[in-house]
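Below is one structure, written out as structure tokens; comments come after it.
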Amino acid sequence: MVKTVLLMAVSALAMGVAAPAMAQQAAPASADAQAKLIYQDWTGPYEGVPPWDKVSTEAFPMAIQAAMDELKAEFEAIATDSAEPSFQNTNLALEMTGEKMDRVFAMWGVYTSNLADKQVRAMQAEWAPRISKFYNQLTLDPRILKRIKSVYDRRETLGLNAQQKRLVERDYDGLVRGGALLDDAAKAQLIAVSGQLAGLYSTFNEKLQADEEKYLVVTDQAELAGLPDSFVASLKSAAQERKVDGWVLVNTRSVMQPVLENATNRALREKVYRSYVMRGDNNDANDTNATIAQILKLRQQRAELLGFKTHAHLRMDDTMAKDPARAMDLMMKVWPAAVARVKQEVADMQAVADAEGAGLKIEPWDYRFYSEKVRKAKYDLDQNEIKPYFQLTKMIQGMFDAAGKLYDLEFKENTGEVPVFHPDVTTYVVTNKLTGENVGLFYMDAYARTGKRSGAWATSYRAQQRLGGDRNVLASNNNNFVKPASGEPALISLDDASTLFHEFGHALHSLLTDIEYPGLRGTPRDFVEYPSQVNENWLLTPYILENYATHYKTGKAIPAELVKKINASETFNQGFSTVEYLASAIVDMKLHFRTDPVADPRAFEKATLDGIGMPSELVMRHRLPQFGHLFSSDSYSAGYYSYLWSETMDADTWAAFEESGDVWNREIADRFRKTLLSTGNETERVEAYRAFRGRDPDVNALLKRRGFPVTTAAASAPVAADRD
């Protein structure tokens, strides 16, 4: 329905909290004046940009309230319109509401993800339930339902085009799915449950944030043996930032992974590992298990109120997969092969450890360390041999170049021309190379820092739509790469480079979207990761490596022999990466695909993993106590499977490029853009994929990519589901 209600309410309002207070520049004297800068039309170039330099946290309550008041008035005007409901005075009118709200939550979303000090987190905890109640009251208004249903019932006779008809149908379906047909008592209960959930999401984030702000201190540099010099220098910088002696290891993946891969000190590896995997699970004030149990109980109550058997059925009703069983079926097609590969990988590692006389059994804190030894033995390849060729700045240039070759987009840095929310943020003007027309701005926030929420994500401060005039897109990527010591280049791992290209794929999806109605912009959860995963494929192409993988000291391109080694090891350690991810996805689905809510998440996690035969030598990528995808909002709950679903389409899409003999094939790239990237949700994504590929995606493309056995049975099983 209205873009603000259905798109912003779920994402921006319930986003995870994190990060340091930003340095304020000269701000207007009053919070009221600042609030107006947030919600009124933004000024400056590119159709206006967020005034990060002129506002502070104190202004947001006023800005949020003002935006809520305006949106309520806009809804009231539509609800009380005496004219017969029509597409123009109902659906189209709703599409045009909420401009102030869009601007407020574009900025507030950054505060709660990138800039959330204790003041921001407290404000989020206070406002999240209020905002949830506000949105529910709008969408559950029977007057709005009556008008939407009137247009919906007459949609075949109103002369609507295909997009308008789809918008009408999605507006009505969305209202019904959200509880608009409930009686007053049930609506009141739904509003109460939703408000409680919003508060619990903030509580979960607060607890997890507190655990992620902890760090380990090393005072003897000898304990850091094996770690690359540049990485050790970054640990020293982290200690200096916190004004402590020694070296600081923060509790994030960007620190954990290099330590587990390289540190020869096994005790340090175990300490870092345990600190990381026990976030939110230490039986202290920051333990999240009780909070998760409350969330699960309320989610099931809400699902039943809305007429769904489980939370998984509710969340998947508007996805490509449709049915939780279908998602489970895909995951269990891959799981056995992944577990079998892990057993082979562990055997290889154990053999190396035994040959060295290490006198140990491979444990989770050994897996990455000994897998690197196996990689070296099998392929004569050392990850530290690769890293000097992967400078962050050069990789960013490479991903921009790839976007130009594929989609005619050009990126030029203009940092300093527009306000940013942190000094680390760089900005780029995006234009169409063929027409010279401006497409938008791209904001890059690359480095980890105290408080910034973990992981990597993409978001937009202003999205494209033709309704009301074409709008410049304001897209952003947010990563947590380790910031280098002063004067040193940022060197990233191959895995980090893949993450960089992945998140940029999300940004490209935003920049290339070309839709009329904002209500047809958002795609199903199991489609969202597809464009980003496709974009990862161009990282290791010869063109990108030869031109952008250059040594940070000599400037020479990565040697051909090293590239051959990388390609030869392409399926190396796929058992680990697949099991690590799939374990989280399977636990997520089993957690929400049940009618009796789990009361003890810790016990459930263990029992579920034992039941599916989880190898003891590794841990799921996201344990439940720290699974922000699931519990910082509804966003990925019963939806973490979507990465595998999307990768199935991604692998099949990349196969199309490879089969053409040219991975830069412009005919295929143009078809990919026009059919899938630019069309938002104007058609069913299942149908759009079939239009692009001529069929459903082939699961075997995924199995082949990961080096797993390919079967006829897998190939014959369509991944995409027809709409019921």
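The residues of the chain are indexed from 1 along the displayed sequence. Predicted model only: the values in this text are computed from it and were never measured. Worth knowing before you read on, the calculation uses all heavy atoms, side chains too, and leaves out hydrogens, waters and symmetry mates.
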[X] and [Y] ion-paired at < 4.0 Å:
X    : Y    : answer
D408 : R666 : yes
D281 : R602 : yes
R693 : E659 : yes
R695 : D652 : yes
R166 : E684 : yes

Do any N or O atoms from the side chain of [X] and from the backbone of [Y] form a donor-acceptor pair under 3.5 angstrom?
X    : Y    : answer
Q300 : K309 : yes
S569 : I566 : yes
S493 : D496 : yes
S532 : E529 : yes
T288 : G280 : yes
E345 : G575 : yes
S476 : T459 : yes
R341 : G707 : yes
S498 : L494 : no
Q464 : I515 : yes

Taking atom [atom1] of [X] and atom [atom2] of [Y], what is their separation to the nearest 0.5 Å?
X    : Y    : atom1 : atom2 : answer
D526 : M316 : CG    : CE    : 6.5 Å
Y201 : L630 : OH    : CG    : 10.0 Å
D445 : N479 : CG    : CG    : 8.0 Å
L381 : K564 : CG    : NZ    : 14.5 Å
M331 : Y641 : CE    : OH    : 8.5 Å
L702 : E647 : CG    : CD    : 5.0 Å

Item to check | Closest contact, heavy atoms only, A691 versus T675 | outcome: CB-CG2, 3.9 Å
Next on the checklist: Restricting to non-hydrogen atoms, name the atom on L508 and the atom on A403 that form the minimum distance, rounded to 0.1 Å.
Outcome noted: CD2-CB, 3.8 Å
Checklist entry - Taking the six-membered ring for Trp, is the centroid-to-centroid distance between F593 and H313 below 6.0 Å? => result yes
Checklist entry - Are H629 and Y636 an aromatic pair by the rule of ring centers under 6.0 Å? => result yes
Checklist entry - Does Y543 have K405 sitting over its ring (NZ/CZ under 6.0 Å from centre, angle to axis within 45°)? => result yes
Item to check | Over-ring placement of R685 relative to Y689, 6.0 Å and 45° cut-offs | outcome: no
Checklist entry - Mind checking whether F400 and F442 have parallel, tilted or perpendicular rings, split at 30° and 60°? => result perpendicular
Checklist entry - Should the ring pair H592 and H311 be called parallel, tilted or perpendicular, given that the plane angle runs from 0 to 90° and is split at 30 and 60? => result tilted
Once ring-ring contact (aromatic ring centres under 6.0 Å, His included) is applied, do any residues pair with [X], and if so which ones, sequence neighbours excluded?
X    : value
Y273 : W365
F657 : W538, W654
F204 : F631

Sorted by first residue and then second, give each salt bridge (charged side-chain N to carboxylate O under 4.0 Å, His left out) pair with at least one member in [range]; sequence neighbours left out.
range            : value
residues 569-580 : R253-E580, R368-E580, E580-R621
residues 583-597 : R594-D596
residues 671-680 : E667-R671, D670-R673

